[in-house]
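When a residue number appears, it is its place in the shown sequence, counting from 1.
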Amino acid sequence: MLWIKALHIVFVASWFAGLFYLPRIFVNLAMVPAGSVAEHTRLLLMARKLYRFMTILAVPALALGLWLWMGYRIGMGPGNGWMHAKLLIVVLLLGYHHWCGRLLRGFESGRPARGHVWFRWFNEAPVLLLLAAVILVVVKPF
């Protein structure tokens, strides 16, 4: 079980690295001047590769988490309300990941939905979700 838990943590941390960095690329894409085709193309390439890679990292993170939950029954039974809250955070993170994909497609089609300030705030969501998840898993407040 400890190997599964360790690998789960590694893949979750790797997935989060992408969730932290992709919106930063969006900030830079939103700030590209209209005539900077090379810069826009380079940033889009970086964003595409990162999104693809972080999607690949999310799969084992989720699979290993399910293995811990369903296979080893971590978080099951009475007194494990924290797990339900953590699972809600995981669902929100999956939604955020999907939203990043939609935003990337908007940049690819040439119509960014928002300005760079909005993307700076958008970038803070995974930080707050990570904080909440870690507190739930370590402290187990309910």
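Neither Leu128 nor Phe119 shares a network with the other; the hydrophobic side chains, linked directly or stepwise wherever heavy atoms of I, L, V, M, F, W or Y lie under 4.5 Å apart, form separate groups for each. Neither Ile56 nor Leu7 shares a network with the other; the hydrophobic side chains, linked directly or stepwise wherever heavy atoms of I, L, V, M, F, W or Y lie under 4.5 Å apart, form separate groups for each. Each of Val59 and Trp15 belongs to its own hydrophobic cluster when Ile, Leu, Val, Met, Phe, Trp and Tyr are linked at side-chain heavy-atom distances under 4.5 angstrom. Phe20 and Val117 fall into different hydrophobic clusters, where Ile, Leu, Val, Met, Phe, Trp and Tyr residues are linked whenever their side-chain heavy atoms come under 4.5 Å apart, directly or through other members. Residues Ile9 and Leu130 do not share a hydrophobic cluster, defined by chaining ILVMFWY side chains whose heavy atoms lie under 4.5 Å apart.
No side-chain heavy atom of Leu136 sits less than 4.5 Å from a side-chain heavy atom of Met83. At a threshold of 4.5 Å between non-hydrogen side-chain atoms, the residues Trp69 and Ile74 do not count as touching. Residues Ile25 and Leu50 form a side-chain contact, since some pair of their non-hydrogen atoms from C-beta on lies under 4.5 Å apart. In this structure, the side chains of Trp82 and Ile135 stay at 4.5 Å or more apart for every pair of heavy atoms. Residues Leu62 and Leu94 are in side-chain contact: their nearest non-hydrogen atoms beyond the backbone lie under 4.5 Å apart. No side-chain heavy atom of Met54 sits less than 4.5 Å from a side-chain heavy atom of Ser14. Put simply, the side chain of Phe107 does not reach to within 4.5 Å of the side chain of Leu43, judged on heavy atoms. Looking only at side-chain heavy atoms (C-beta outward), Leu44 and Leu104 come within less than 4.5 Å of each other.
A parallel orientation is assigned to the rings of Trp118 and Phe122, their planes being inclined by less than 30° (bins at 30° and 60°). Using a 30° and 60° split on the angle between ring planes, Tyr72 and Trp67 fall in the parallel class, below 30°.
Once rounded to the nearest 0.5 Å, the distance linking CG of Leu2 with NE2 of His8 reads 13.5 Å. The CG atom of Leu29 sits 8.5 Å away from the CD atom of Glu39 when rounded to the nearest 0.5 Å. Note: His84 NE2 to Ile89 CD1 = 13.5 Å, rounded to the nearest 0.5 Å. Note: His97 NE2 to Leu19 CG = 7.0 Å, rounded to the nearest 0.5 Å. To the nearest 0.5 Å, the span separating CG on Leu22 from OH on Tyr51 amounts to 8.5 Å.
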For a ring pair (Phe, Tyr, Trp, His ring centres under 6.0 Å) check, start with the C-alpha distance between His116 and Phe26, then their side-chain angles and the critical distance, and finish with the verdict. CA-CA 7 Å; His116 70 94; Phe26 292 164; over 10 Å; no
Test ring pair (Phe, Tyr, Trp, His ring centres under 6.0 Å) on Phe16 and Phe11 and set out the steps. CA-CA 8 Å; Phe16 264 96; Phe11 280 106; over 10 Å; no
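Of the possible donor and acceptor atoms, one in the side chain of Asn80 sits under 3.5 Å from a partner among the backbone N and O of Met76. When atom types are taken as modelled, the side chain of Ser36 and the backbone of Val32 share no donor-acceptor pair closer than 3.5 angstrom. Checked by atom type and distance alone, the side chain of Lys49 never pairs as donor or acceptor with a backbone atom of Met46 at under 3.5 Å.
The local environment of OH in Tyr21 is sparse, with at most 12 non-hydrogen atoms from other residues, nucleotides or ligands closer than 6.0 Å.
A pairwise comparison of heavy atoms in Pro23 and Cys100 identifies CG-SG, 4.4 Å as the closest pair.
Residues passing the salt bridge (charged side-chain N to carboxylate O under 4.0 Å, His left out) test with Glu108, sequence neighbours excluded: Arg48.
The only option from Leu88, Val12, Leu129 that meets the side chain to side chain contact (heavy atoms under 4.5 Å, CB included) definition with Leu93 turns out to be Leu129.
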